[in-house]
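Working notes, structure below.
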Amino acid sequence: MTTAPIQAGPTSGEWDAPAGAGAAGAPGRGPLLFLIGSALVWLVVSGVFALIASIQLHTPGFLSDCPILTHGRVRVLQETAFVYGWLGTAGPALAVWILGRLSGSPLRGTSWLGVGAAFWNAGLALGLVGIAIGDGTGTALFGLPAYVHPVMLASYAAIAIAGVLAWTGRRRGPMFAAQWYAAAALFLFPWLFSAADIMLVLAPVRGVLQAVVAGWFAQGLWTLWMAPLALAGAYYVVPRLTGKTLPNYDAASLGFWCLVFVGGWTGGRHLIGGPVPAWISTLAVVTTAMLVFHYVVVALNLRPALGAGSVLRFIAFGVGSYVLGGFVDAVTAARSVAVSTQFTTFDQAQQQLALYGGVSMLLYGTLYFAIPRIAGRAWSSADLLRGHFALAATGIALLVVSLGAAGLSQGRDLADPSVSFAAMATHMQVWLLVATGAQAILLLGNLLLAVNFLETAVLKPGSGEGVAS
Amino acid sequence: MSSPSQPDPRFEKAKLGDDELLVAHEKALGPKPDERARYRLAPLMMLFAMAGVILFAATYLNRYSGRFDRSVYDETALPNAGGAAEAKVDPAVAGKRLFGTPGACVTCHQATGEGIPGVYPPLAGSEWATGSEERVIRIVLFGLKGPVRVRGTDFPGTAAMPAFGASGFAWSDEKIAAVLTYVRQEWGNKAAAVTPQQVHKIRQSVGERKEWTQDELLTVK
């Protein structure tokens, strides 16, 4: 319908020149590459923790005499390194870059970007050490110790400045979908994080309300920060690589507002059957179902990603997982289903589908598109890139399926009082072993990406063929 | 789905520049010429889908929200009319629980309500328990001492019935009404329920006193 090809413009290469500057002196290149590089380090670190945590599920004695590496802490370390280190470092960097590209002018505020990047990483490193020695807050997706919260907030603000300046100073008034998502993510994180900080750490609310706030935060971090960061990349890369206007683009804004307004209310579905007033869970069930509308719009808009091309393959996989995850959420939020999937590894399967299959894959795709344009040179190896996709896709599929199967078996066993805990563990054993294999595959894939990045952007910067002529 | 000429993955050329992208999508949103007078279905279907979702949401919320009352934890329940947080309890259930509280009635009168011959008189079929509320409320509020005749048997009064209205137990009007309602309707007893108001009135009018005797009680109504 609306997919009429655009008349070919000037040669593509020309369009890829960093706007308004020669490739060598592209403003913000250093800080952006530093942010993305550090994000990859955190990605690998979290992969190692994920492997340890996964092994501990079927071999509980593994490394457990070391207090720093007990299962509880490893899980939080993995989650924090993944969410704040990988998604939360690469995501904002790419959002800033996209806002810069679409503003039509060189990035401004890049020294703030550098300072923010340095402190964000320092705070995160300190925070992970804090979690390891037992200072974590104990709240899901909010594990960082209270004392690094101010650093994280301030450094995030410094990183976001460049994005906000690019957004407000854009040449063209009307915005494109990628800009809405990127700007929303930049603005919403400080709000979420500081609100959670006040209600859970500084002046903690009491009793059941804490669970409600924690649920709201975890869900908000997902729908209002991680998902928009990933979507910003996808909405930007897909039309650029396919050369076509996004189909059903007139629904895109509805999809966006649906996510922003409805998404924040969906947290309570994790409290179904818990000691909270019924309306909190009910509202969550309803809003989770309404969110399906958002997922449908995203699927319609981004369906051209199914075309050829190695970069688009990441995005297509990401969109598929993202949308599938949304539908699974809606189904499992229904009370009758939730009672048997809640509190099992099925929850984890859903989380991995969303965070790894959805957000991570979309960010990988955006990254593969962006790095050559930021660094000014092509990726050093096409094989590493293809290998990464194969490993990531296999790893994610295995991980989600095995955790989901283990969760269903666990849910059945939990509901049957005649099944002993030992029997339940043996039923899950096989699937948990598969999950460990999947984590190993994912770690390997991420190492390929890290090596490729190292060779492309760090070891031989400026040499080799330029791409942004 | 590989196209004949796979682009080099190391650097995939963009087919659309930044500015082209903005312009193209801006145009996609703008008013479109009604090509060949065909109405575009997609937006209309979107609208229907959205309306359907909102209808579902409203119905579901209306059914399972417990009227947004913060005291309703069960999604199928509704708050009390008037929205008071206090839940209605069945006095017979509460009374049974009170009766069975360790140290309370069950210790002496037994779960069967038959008491212990010669020491603790029965409550089942007792003319005191099922008789005038005025008397039985007084017994439980202030206690009973001395000889007493129950179901045609004389109890010598070697043991005394403790006061539940004051000191030690200090049960509220509601608790006493509940336990008496239970006693008066259990073990085949079929007497009227006792209300907290009745207990309250007697508590007020009698004030403070020691245990009753059978003779004193017989003068009450």
Side-chain angles (χ1 to χ4, degrees), chain A residues 1-2 6 8-10 12-16 19 101-102 104 172 174 176-177 236 239-246 248-251 253-254 275-279 281-283 285-287 289-290 292-293 296-297 306-312 335 368-369 372 378-382 385-386 467, chain B residues 1-30 32 35 38 40-43 45-47 49-54 56-79:
Chain A
M1 276 166 282
T2 39
I6 306 292
S12 322
E14 202 170 314
W15 287 105
D16 284 314
R101 297 291 307 213
L102 291 177
R172 282 186 186 280
F176 173 58
Y236 177 65
R240 287 213 59 193
L241 279 182
T242 58
K244 292 175 185 149
T245 314
L246 293 175
N248 299 105
Y249 183 66
D250 34 12
S253 62
L254 270 180
V276 295
W279 69 266
S281 320
T282 298
L283 191 64
V285 174
V286 165
T287 46
M290 288 179 77
V292 164
F293 186 77
V296 169
V297 171
L306 273 174
S310 307
V311 172
L312 280 183
R335 281 193 163 84
Y368 279 117
F369 180 82
W379 284 98
S380 86
S381 162
L385 190 156
R386 289 199 200 95
V467 294
Chain B
M1 273 189 101
S2 61
S3 73
S5 61
Q6 271 284 1
D8 180 5
R10 294 166 59 233
F11 179 74
E12 286 188 12
K13 290 230 174 352
K15 295 194 181 127
L16 202 60
D18 288 316
D19 213 45
E20 285 177 310
L21 178 151
L22 288 172
V23 173
H25 287 89
E26 217 173 294
K27 242 196 281 162
L29 285 187
K32 269 176 265 338
E35 303 135 356
R38 265 213 271 118
R40 293 180 346 118
L41 259 182
M45 273 158 51
M46 250 357 150
L47 208 66
M50 193 75 191
V53 168
I54 289 174
F56 155 79
T59 320
Y60 191 93
L61 261 187
N62 187 36
R63 263 199 58 195
Y64 296 117
S65 62
R67 298 265 189 292
F68 295 97
D69 192 292
R70 69 188 158 96
S71 66
V72 175
Y73 282 39
D74 172 4
E75 71 275 8
T76 53
L78 284 182

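Order of the sequence lines fixes the chain letters, A, B, ..., with proteins taken first and strands second; residue numbering starts at 1 for each chain.
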For the backbone of A:L241 and the side chain of B:E12, can you confirm whether one donor and one acceptor N or O come within less than 3.5 Å of each other?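 Not at all, since once roles are kept as given, no pair shorter than 3.5 Å links the two residues.
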Tell me the closest heavy-atom pair linking A:R101 and A:R240, and the distance in Å.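 Of all heavy-atom pairs spanning A:R101 and A:R240, the closest is NH2-NH1, 3.6 Å.
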Side chain, backbone, both or neither of [X] within contact of chain B (heavy atoms, under 4.5 Å):
X	result
A:Y236	both
A:F293	side chain
A:L385	side chain

Would you mind telling me which of A:P174, A:A177, A:S381 has the largest number of heavy-atom pairs within less than 4.5 Å of chain B?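 The answer is A:P174.
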Which distance, rounded to the nearest 0.5 Å, do you find between the CG of B:L22 and the NZ of B:K27?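 Spacing of CG (B:L22) from NZ (B:K27) equals 12.5 Å.
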Which is it for A:L246 and A:F176 under the side-chain contact (heavy atoms from CB on, under 4.5 Å) test, yes or no, and what are the steps along the way? CA-CA 11 Å; A:L246 293 175; A:F176 173 58; 4.0 Å; yes
